[in-house]
Amino acid sequence: MSVASPDAPASLSPVRVAWRRFSSERPAAVGLLAVLGLLVASLLLPDDHHSPVVTPLVTAPLSLAAAFAAALMGILVASAIGVLAAGAGGWFERAATGLAGRLSILPLPLVAVAGAVAFGRDLPGLLIAIAAVVALPAVGPAHAVMRGLMRRELVTAAHAAGVPPRRILWRHLLPNAAARLAVAGWPALPRALVIECFAGFLGFGAVGGAGTLGTVMGNAAAHGDPVMLASAAAVLGGLLLALHSIGRGLLATVAEEERP
Amino acid sequence: MLTDALRRTGAVLPLAIILLAAGAAVGVLSGGDAAAGLARAGAALPVTLALALGALSGGMMTGTALGLAAALHPRSLEGAAAAGLAGLGPALPGFVLAALLATTFGSGTADAALALAALALPVAASAAREARGRLAAALAGPVVLAARGRGVSARAALTRHALPPVLAALVRQTGMLGGAVLCGAAAAEVLFGLPGAGALLVQDLRRGEAAGAAATLATLAVTALLIETAGAVLADRLAPPGRLR
């Protein structure tokens with residue numbers, strides 16, 4: 001299957017075209033390399049809990065994994081709400097998107113921390129609480145993606161050809177929307193990482209008792225260890241920059257891509 | 001302006017009431033004194049509000065000035081500073097900066113100023129990024145082009161046509177950062193020992209006092225809503241008629 005885009009030769013597979021577009025955004029490629037490098041380093045480094053260099057690098061993948069799980073749940077929920085809202089239209093569309101937009105300006109990390117405490121301060125509770133709050137800002141972009149797709153010619157043509165709505169949804173809308181929804185929801189990942197670290201920093205993190213970046217920073221702040229704190233903050237900052245850069249690269253990847 | 005303010009406040013009032021009622025309901029269901037929890041949160045709120053509003057206004061003014069200067073003089077020192085600040089913005093969560101400042105400089109007389117600086121820096125980064133991008137787009141946009149085509153001077157085109165919508169959008173954007181700043185304020189209050197609502201919430205959560213925590217969280221949520229509403233009202237005031245409404 002070829003990709004309908006001027007910069008996509010017919011001989012290239014969609015995956016190679018996507019990679020070409022992604023890697024053309026140099027910060028995105030650097031960000032991806034940085035994240036992969038961090039993961040490899042965490043596997044190779046010894047588990048030294050006193051080294052200000054090693055400890056943040058070893059604990060960062062735990063935070064990243066927790067954030068990834070929470071963000072994935074959040075994106076799925078937000079995408080489902082966005083698809084439902086765009087499909088239903090009317091008052092439900094207005095209510096769902098309006099409420100999600102209003103709620104997303106609340107102090108969400110504090111809401112997540114309170115939710116995690118209410119769920120019993122275990123890992124599933126923390127992840128569910130983070131997923132719930134990162135889903136809120138992702139509803140708007142997911143809804144916009146679906147709204148945009150529903151106005152495309154291929155959907156209009158399918159309607160005109162008498163294709164049933166359910167088949168349009170499964171055959172045309174969702175295949176075209178999947179990558180876009182994932183990219184639209186990508187900011188949920190850095191957001192979830194910040195919230196996970198915030199919870200750990202305040203002493204409400206719960207990743208099976210293991211240390212995460214947030215708990216490392218919280219302990220460093222509590223014990224007045226500026227070197228460990230700065231090191232962990234630098235790793236977190238680098239991860240956040242890398243994730244934001246990857247998000248921009250993914251945005252370039254799905255631009256003008258379409259499955260007929 | 002009063003009509004706009006009333007309309008916007010009326011729009012968020014039902015949600016604010018629901019949030020406060022939910023906070024009180026959690027307090028009652030957990031066997032606590034919801035009214036006392038709300039009163040405690042209200043008493044601690046001024047410290048949090050002072051931190052949040054100070055950080056939002058200070059960060060926005062600094063970031064906007066840098067961002068506008070960067071858009072007008074991209075190759076200058078301030079242009080480089082704004083680009084650097086804007087680029088680093090996503091890597092600067094307020095609670096991390098507060099922890100770094102608290103650990104480096106320790107507790108002392110300048111605690112509130114350090115907390116304010118830690119909270120203002122991410123706001124400044126966001127404002128610098130937005131101001132630079134929006135003003136550059138406005139200067140190259142059709143409104144300024146049309147004004148210049150009618151013989152309006154470059155300075156007048158900037159101040160009368162390009163800046164007002166940019167400032168309105170920035171104020172609106174900054175108002176939406178209220179929730180994030182309140183979270184940073186909670187961490188800063190804990191770190192610097194300031195008696196604010198954020199510190200109260202963390203303290204209640206650590207002690208497992210659901211009633212107090214729910215009331216304080218509801219109070220902070222309503223505060224974020226009101227900050228966003230204030231930003232929207234101010235943005236309405238700054239926006240030229242017919243645009244950004």
Side-chain angles (χ1 to χ4, degrees), chain A residues 27 98-99 101-118 121 133 136-137 187 190-191 193-195 197-204 213-214 217-218 220-230 232-245 247-248, chain B residues 11-12 14-16 19 26 30 48 52 87-107 175-187 190-191 197-198 201-202 204-206 208 210 213-214 216-218 220-225 227-229 231:
Chain A
L99 189 62
R102 277 266 181 254
L103 291 178
S104 56
I105 60 164
L106 300 184
L108 295 181
L110 287 175
V111 175
V113 167
V117 172
R121 292 185 65 171
V133 298
L136 291 170
R191 201 170 282 142
L193 181 62
V194 169
I195 295 175
C197 288
F198 182 72
F201 177 78
L202 290 178
F204 301 104
L213 264 182
M217 284 192 287
H223 295 115
D225 185 351
V227 179
M228 180 70 88
L229 181 64
V235 171
L236 175 62
L239 259 179
L240 290 172
L241 278 181
L243 292 176
H244 280 286
S245 302
R248 278 197 292 276
Chain B
V12 296
L15 185 57
L19 287 170
V26 170
S30 63
T48 307
L88 282 176
L92 300 171
F95 74 92
V96 176
L97 290 172
L100 283 170
L101 289 179
T103 313
T104 307
F105 297 105
S107 292
M176 294 174 83
L177 295 176
V181 172
L182 287 174
C183 293
V190 172
L191 287 161
L201 172 64
V202 174
D204 283 345
L205 287 172
R206 283 179 180 159
T216 311
L217 186 59
L220 287 173
V222 171
T223 306
L225 274 180
I227 289 175
E228 192 266 345
T229 305

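Throughout, a chain's letter reflects where its sequence line sits, starting with A, and its residues are numbered from 1. Computed from a predicted structure; not experimentally measured.
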Checking heavy atoms, do the side chain of Leu225(B), its backbone, both or neither come under 4.5 Å from chain A?
both
Walk me through whether Leu106(A) and Leu220(B) qualify under side-chain contact (heavy atoms from CB on, under 4.5 Å).
CA-CA 8 Å; Leu106(A) 300 184; Leu220(B) 287 173; over 6 Å; no
Spatial distance of atom CG (Leu243(A)) from atom CZ (Arg248(A)) [nearest 0.5 Å]:
11.5 Å
Non-hydrogen atoms of chain A under 4.5 Å away: do they reach the side chain of Leu205(B), the backbone, both or neither?
both
Heaviest contributor of heavy-atom pairs below 4.5 Å to chain A, chosen from Cys183(B), Gly179(B), Ala91(B), is Cys183(B)
Atom pair CG (Leu99(A)) and CG (Leu15(B)), whose distance is rounded to the nearest 0.5 Å:
6.5 Å
Check whether any side-chain heavy atom of Leu103(A) sits under 4.5 Å from a side-chain heavy atom of Val133(A), and report yes or no.
no
Roughly how far apart are Arg206(B) CZ and Leu201(B) CG, rounded to 0.5 Å?
10.5 Å
Looking only at heavy atoms and a cut-off of under 4.5 Å, which of Leu236(A), Leu229(A), Val117(A) has the most pairs with chain B?
Leu229(A)
Under 4.5 Å from a heavy atom of chain A, the part of Val96(B) involved:
side chain
Any idea which of Leu182(B), Leu97(B), Leu100(B) has the most non-hydrogen atom pairs under 4.5 angstrom with chain A?
Leu100(B)
Kindly assign one of parallel, tilted or perpendicular to the pair Phe198(A) and Phe95(B), based on the angle between their ring planes and the thresholds 30° and 60°.
perpendicular
Tell me, for Val194(A) versus chain B, whether the close heavy atoms (under 4.5 Å) come from the side chain, the backbone, both or neither.
both
Supply the atom-to-atom distance Met217(A) CE to Thr103(B) OG1, rounded to the nearest 0.5 angstrom.
11.0 Å
Check each atom of Ala213(B) against the heavy atoms of chain A and say whether the ones under 4.5 Å are side chain, backbone, both or neither.
neither
Which atoms of Leu217(B) approach chain A - backbone, side chain, both or neither, heavy atom under 4.5 Å:
side chain
My understanding is that only one of Leu213(A), Leu240(A), Leu202(A) makes a side-chain contact (heavy atoms from CB on, under 4.5 Å) with Cys197(A); could you say which?
Leu213(A)
Sort Leu19(B) into side chain, backbone, both or neither according to what part of it lies under 4.5 angstrom from a heavy atom of chain A.
side chain
Bottom line for Leu110(A): the part with an atom under 4.5 Å from chain B's heavy atoms is both
